[in-house]
Amino acid sequence: MKAQCVTRTAALVIAAIAVARCLVTVLSEVWFDVDPLLDSTAPVGLSPSMLILFDMALVAAALVGFVARAMEGKGASLWISGLWVLPIIFGVMIWMTRGAHHAQVIMPWVAGVTAAAALVHFCCDAGTRRLVLAVLVSGVVALGFQAYVQWAWTIPETAAWFDAHRDEALALIGLEPGSIAAAVYERRLVEGGATGWFTSANLLGGMMAALTVLWSALVLDAARRKSSAWVGGVACVGAMLAAAVVGITESLTALLVLIIGLLLLVLYARRLMSLSSAKWLAIGLPILAAAAPILVLWTASPDTSISGVRSLVIRGQYVEGAAGVVADAPLQGSGPGRFQDAWLGARPVGAPEEIVSSHSMLFDWVAQLGVSAFGWVILVGLLAWCVGRRLEHPVSESTLSPMWTVAGSVITGFVVIALASVGIIGEWPHLHETERLVRIFGLLSVPVMALTAAVCLRGELARIGVVVAVVVLLLQAQVDMAVWQSATVVWTLAVVGASASISVRGRGRTTWLACAIALFCLVLIGRAWMHQSDIDEARKHAAMMLIAASGDAAGDSNSLARSQAAQRLLDSWETTRDPRLALVAGNQYLLAAWEAGPEDSAAISSLSAARMSGEWASQDGAVEGLWLQLRALDGLSSLREDPKDQERAMSVSAELTKADPTNPMAWVMRARVAAVSGHHEIETSAWQRALRLDDAQVIDPLQRMPIEIRKEGEAAINAHEHD
């Protein structure tokens with residue numbers, strides 16, 4: 001009994017951490033998300049290293065739970081253990097040798113798969129499963145309130161701020177006003193939907209679609225069981241709020257999976273479909289969703305004027321490029337964190353975006369981890385099958401004392417509040433009074449929703465809701481989930497693991513193997529945390545230097561502060577060899593040169609340092625480092641007459657077109673550099689290639705080259721043809 005209490009507590013802690021990760025703002029680029037010299041304040045949110053601490057606590061809870069099971073003599077599934085650890089071992093063996101910063105991207109995956117593998121063992125009894133699922137769905141009101149605040153206030157205010165500071169804001173993120181990238185950035189900023197605490201509206205919409213289905217099932221179950229009015233009313237609030245959020249995200253994918261989910265819920269609830277088909281749908285629909293973009297590409301001349309078709313065509317290009325990445329490195333993949341640079345070299349002609357993820361769980365894993373990723377793919381498929389089988393072979397309900405129901409739901413709910421408050425503390429001074437009230441009521445709703453779900457999660461309708469919600473989550477994960485940068489990956493995999501039901505036979509020694517795997521994962525995440533902490537500290541220290549100098553409006557002072565901050569970042573790069581530090585340093589050097597002015601000798605020094613920073617980053621495969629070098633060399637050539645600058649620019653531009661061959665602007669840069677160097681044949685050829693690639697950009701008109709650049713290219717071609 002004591003061991004069961006430990007494993008149940010460990011399962012609840014895992015669920016609480018998974019929910020808390022969805023309720024905090026995360027800074028992907030610590031302290032430089034917003035340039036300190038622009039607003040003189042530090043950006044708010046959790047640092048990446050703090051989020052990794054959440055993952056460490058999750059894996060530690062899994063380790064404690066497995067130790068308790070082993071001491072009790074309960075076995076663990078060897079199949080699940082093997083599928084869980086296989087990609088991790090191969091990923092570490094291949095990519096830790098190339099730098100810890102590559103392996104760091106894999107940490108959310110490790111935490112998510114660990115959560116799934118642990119919960120599928122810890123939730124064998126129906127009582128624990130009910131409590132864990134109740135906690136996992138308890139954040140619906142908090143997410144809904146946050147989405148409403150963004151939709152009603154934050155997004156309009158951000159758009160107004162951008163309109164008032166357009167040139168400065170674009171310059172500080174390295175975008176040229178009037179360029180393609182600037183136009184796309186402005187469109188996403190102004191027209192963006194609510195995202196909650198996630199990186200995109202699609203992620204929030206997909207999660208809320210699953211919660212809409214599940215809470216709707218709980219409402220039906222409460223009505224059938226004639227539960228108290230407050231239970232049914234609270235469940236109804238959760239369902240309606242989740243559905244409303246799907247609407248304000250304006251995500252077509254989320255709306256589609258919501259319709260599919262509600263349709264399946266009705267069909268199963270009214271017994272218009274056999275419950276035995278659930279296990280086939282749980283596997284078949286996600287596979288079909290992953291293949292859907294490819295099927296659209298095979299369709300003869302799809303009508304891309306239709307928004308949904310256009311989205312599928314774009315995602316088909318994502319998958320086609322990911323297939324190219326797999327073809328280039330089928331055994332080891334591109335490596336975690338290297339997908340964007342690898343995809344640029346493999347993306348098809350006409351693909352308009354530079355993505356960091358294939359937006360598909362399946363293709364992300366295979367493209368970045370190679371053949372070993374099929375371990376996780378098979379594991380998720382196995383768990384999905386087990387989730388579906390629960391309708392055909394329901395597990396008998398175990399007794400769960402009222403004390404466990406109340407105490408487990410409420411205490412774990414407040415654990416979620418405590419963890420989420422870590423991120424809110426930094427945001428608090430920057431929030432309006434309305435936003436503060438929304439945060440308070442949203443977080444206080446977590447234990448209430450957890451208790452309500454724990455009361456309702458019993459009976460056939462509740463089981464149907466859980467199964468359909470898992471199907472919706474896996475559907476969304478195959479078509480619109482940027483796995484490596486998403487907080488939802490841990491939550492999604494935790495829901496899948498907790499919903500599955502397996503029968504584990506064997507002695508405790510098999511569980512000691514699971515303990516060893518969990519310990520290995522804990523050590524791996526701990527190493528990633530130490531590495532990321534060094535990076536976060538370097539960026540924080542450099543940004544504080546800028547903030548300290550921001551009170552002086554003099555350009556020379558700002559230029560010196562930027563140069564000193566950049567050097568601080570490069571000092572850290574020398575020990576971590578993380579190309580992200582070199583890129584941030586290089587951009588600060590560029591801004592330092594711009595603020596120093598063309599007549600200041602410090603401008604040449606800053607531009608030279610920016611070029612070197614870009615070269616160091618590009619040596620690690622970062623395509624952005626090549627762009628950084630070219631911008632720096634362009635500035636140097638205008639300040640001094642050094643033939644070596646032109647030679648370097650020609651060499652770098654050739655590397656850029658090789659690394660990003662289907663980008664029209666890469667060839668434009670190649671043509672301009674060739675024109676300055678007097679290589680007119682290369683200039684003409686580059687312009688011709690740029691115009692052909694631009695003509696192929698039919699998916700998104702906003703991605704076409706500005707008319708001025710096209711005229712420049714056509715004039716250059718005509719001039720050299722008449723020579």
Side-chain angles (χ1 to χ4, degrees), residues 26-50 52 98-102 104-105 171-175 337 340-341 528-550 555-596 602-633 635-636:
V26 180
L27 298 176
S28 59
E29 302 292 337
V30 177
W31 292 81
F32 284 92
D33 283 348
V34 178
D35 191 278
L37 280 183
L38 180 63
D39 61 7
S40 302
T41 59
V44 294
L46 287 186
S47 65
S49 59
M50 181 61 72
I52 294 177
R98 302 195 181 188
H101 53 277
H102 297 302
Q104 177 233 321
V105 177
L172 288 169
I173 57 177
L175 298 179
Q340 182 179 42
D341 296 315
W529 172 75
M530 290 187 291
H531 176 82
Q532 188 62 48
S533 296
D534 292 339
I535 296 174
D536 293 352
E537 185 62 28
R539 290 188 173 186
K540 178 180 178 180
H541 187 271
M544 290 299 293
M545 295 170 66
L546 295 182
I547 291 175
S550 61
D556 291 343
S557 176
N558 287 346
S559 176
L560 178 61
R562 290 192 187 279
S563 296
Q564 292 174 341
Q567 185 57 52
R568 174 68 181 84
L569 292 168
L570 287 181
D571 290 342
S572 181
W573 171 84
E574 290 181 355
T575 58
T576 63
R577 294 294 170 175
D578 192 318
R580 294 171 297 175
L581 291 172
L583 290 172
V584 175
N587 286 324
Q588 290 299 314
Y589 274 127
L590 284 180
L591 290 169
W594 176 63
E595 291 177 343
I604 295 179
S605 177
S606 295
L607 288 171
S608 298
R611 183 192 69 79
M612 287 302 302
S613 299
E615 182 176 339
W616 290 328
S618 61
Q619 288 175 356
D620 195 67
V623 176
E624 188 179 347
L626 299 173
W627 285 102
L628 178 60
Q629 289 183 68
L630 288 175
R631 290 196 295 269
L633 288 169
L636 286 171

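Model, not experiment: these values are computed from the prediction.
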### Query
Looking only at heavy atoms, which two atoms of Q629 and S618 are closest? And how far apart?
NE2-OG, 3.0 Å
### Query
Which pair of non-hydrogen atoms, one from S563 and one from S606, has the smallest distance, and what is that distance?
OG-OG, 3.4 Å
### Message
Using the rule given for side chain to side chain contact (heavy atoms under 4.5 Å, CB included), can you reason through R568 versus Q564, listing the C-alpha separation, both sets of side-chain angles and the distance that settles it, and then say yes or no?
### Response
CA-CA 6 Å; R568 174 68 181 84; Q564 292 174 341; over 6 Å; no
### Between CD on residue Q532 and CD1 on residue I52, distance to nearest 0.5 Å
5.0 Å
### Heavy-atom pair with the smallest gap, counting every atom of A617 and L583
CB-CD2, 3.6 Å
## Note on the structure
Taken in chain and number order and not counting sequence neighbours, the residues that satisfy side-chain contact (heavy atoms from CB on, under 4.5 Å) with S533 are S49, W529
### Query
Is there side-chain contact between R580 and R539, with at least one heavy-atom pair below 4.5 Å?
yes
### Query
Just wondering, do D536 and M50 contact through their side chains at under 4.5 Å, heavy atoms?
no
### Query
Hey, is the main chain of W616 close enough, under 3.5 Å, to the side chain of D620 for a donor-acceptor pair?
no
### Query
Could you state the interatomic distance from OG (S559) to CD (Q588), rounded to the nearest 0.5 Å?
10.5 Å
### Message
With a 4.5 Å cut-off on side-chain heavy atoms, are N587 and R631 touching?
### Response
yes
### Task
Check whether any side-chain heavy atom of W573 lies under 4.5 Å from a side-chain heavy atom of L569, and answer yes or no.
no
### Query
What heavy-atom pair brings I535 and D578 nearest, and what distance separates the two atoms?
CD1-OD2, 2.9 Å
### Query
If every non-hydrogen atom of S613 is compared with every non-hydrogen atom of L628, which pair is closest and at what distance?
C-CD2, 4.2 Å
### Task
Answer yes or no: is there a side-chain heavy-atom contact under 4.5 Å between I604 and L636?
yes
## Note on the structure
Across all chains, not counting sequence neighbours, the side chain to side chain donor-acceptor pair (under 3.5 Å) partners of E624 are none
### Message
Using the side-chain contact (heavy atoms from CB on, under 4.5 Å) criterion, which residues pair with A603? Sequence neighbours excluded.
### Response
A593, A596, L639
#### Entry: Heavy-atom closest contact (A622 atom, D341 atom, distance)
CA-OD2, 3.5 Å
